[in-house]
Amino acid sequence: SYATNFNVIFYASLFSYGAIVIIVSDHLDLSEMNTIRFAQIVVVLALLIFWVYPWTYLFTNRPKLQEIPEGQSLFTTGFAATWNTAKEVYVEFPDLWAFMMSLIFLNGAIFSLMTISTTYMTDVL
């Protein structure tokens, strides 16, 4: 399925990035600062290849899928459509709603816990 393929590609990319940075910095015996610089170079190159190039050359024009109602802006119409979709998912697919909420708050919770525990370890212990 789409979600499975996305996660496989995502984690394979993360692993590949880490492996490239570690192997090259170890092979070239880079200092910590030079490893950081090399890692940033890899990120910029990946950005140019996988984001800027497709955005510039591969996206094509297509017809509008829907009209903006009279008296509304694109900004308000987008939020209204998102709100209506969220209500529909909440009513029709409660398990999907719970999964989406867990994904939304999971990242913030993990990084908050990491920050608080690091601060506690350095200041208290």
Side-chain angles (χ1 to χ4, degrees):
S1 75
Y2 176 78
T4 304
N5 290 337
F6 175 81
N7 283 323
V8 167
I9 292 170
F10 176 73
Y11 288 111
S13 300
L14 285 178
F15 177 79
S16 300
Y17 168 73
I20 289 169
V21 170
I22 290 170
I23 290 169
V24 170
S25 76
D26 196 41
H27 179 70
L28 297 177
D29 199 26
L30 297 176
S31 67
E32 187 173 320
M33 184 54 67
N34 286 334
T35 300
I36 293 169
R37 289 178 180 143
F38 174 73
Q40 191 63 41
I41 290 169
V42 172
V43 167
V44 169
L45 289 175
L47 176 77
L48 291 173
I49 293 168
F50 295 112
W51 189 50
V52 173
Y53 175 75
W55 189 278
T56 306
Y57 298 107
L58 299 181
F59 282 168
T60 58
N61 292 331
R62 63 175 179 84
K64 294 188 283 189
L65 297 178
Q66 54 185 317
E67 294 291 326
I68 298 174
E70 189 68 34
Q72 291 187 358
S73 69
L74 182 61
F75 184 74
T76 57
T77 304
F79 278 111
T82 302
W83 176 255
N84 291 334
T85 301
K87 287 192 304 188
E88 184 178 339
V89 168
Y90 179 77
V91 171
E92 300 289 329
F93 308 101
D95 293 336
L96 178 60
W97 177 261
F99 177 69
M100 286 174 24
M101 291 300 106
S102 68
L103 286 179
I104 288 170
F105 292 109
L106 177 67
N107 195 31
I110 289 172
F111 282 104
S112 296
L113 179 64
M114 288 171 43
T115 303
I116 290 169
S117 61
T118 303
T119 305
Y120 179 79
M121 286 183 350
T122 57
D123 290 348
V124 176
L125 298 180

Can you give me the closest heavy-atom contact between [X] and [Y], atom names plus distance?
X     : Y     : value
Thr77 : Ser73 : OG1-O, 2.7 Å
Thr76 : Gln72 : OG1-CB, 3.8 Å
Val21 : Phe38 : CA-CE2, 3.9 Å

Gap between atom [atom2] of [Y] and atom [atom1] of [X] - 0.5 Å precision:
X      : Y      : atom1 : atom2 : result
Ile116 : Phe111 : CD1   : CZ    : 13.5 Å
Arg37  : Ser31  : CZ    : OG    : 7.0 Å
Leu14  : Ile9   : CG    : CD1   : 12.0 Å
Glu32  : Leu30  : CD    : CG    : 11.5 Å
Ile23  : Ser16  : CD1   : OG    : 9.5 Å
Trp83  : Thr85  : CH2   : OG1   : 11.5 Å

Quick check on the hydrophobic clustering: are [X] and [Y] connected, directly or via other members, by side-chain heavy-atom contacts under 4.5 Å?
X      : Y     : value
Ile20  : Phe50 : no
Phe105 : Tyr90 : yes
Val43  : Leu28 : yes
Met101 : Phe93 : yes
Phe59  : Val52 : yes

*asked:* Run the side chain to side chain contact (heavy atoms under 4.5 Å, CB included) test on Trp51 and Trp55 for me, step by step, so that the C-alpha distance in whole Å, both residues' side-chain angles and the decisive distance to 0.1 Å come before the verdict.
replied: CA-CA 6 Å; Trp51 189 50; Trp55 189 278; 4.0 Å; yes

*Measure the acute angle between the ring planes of Phe6 and Phe10, then classify it against the limits of 30° and 60° as parallel, tilted or perpendicular.*
parallel

_Exceeds 12 heavy-atom contacts within 6.0 angstrom, atom CG of Leu103_ = yes

*asked:* With a sphere of 6.0 Å drawn around OH of Tyr17, does it hold more than 12 non-hydrogen atoms of other residues, nucleotides or ligands?
replied: yes

*Between the side chain of Asn7 and the main-chain N/O of Ala3, is any donor-acceptor distance below 3.5 Å?*
yes

*Output yes when a side-chain donor or acceptor of Asn84 lies under 3.5 Å from a complementary backbone atom of Ala80, and no otherwise.*
yes

*Ring centroid separation Phe79 to Phe75 under 6.0 Å*: yes

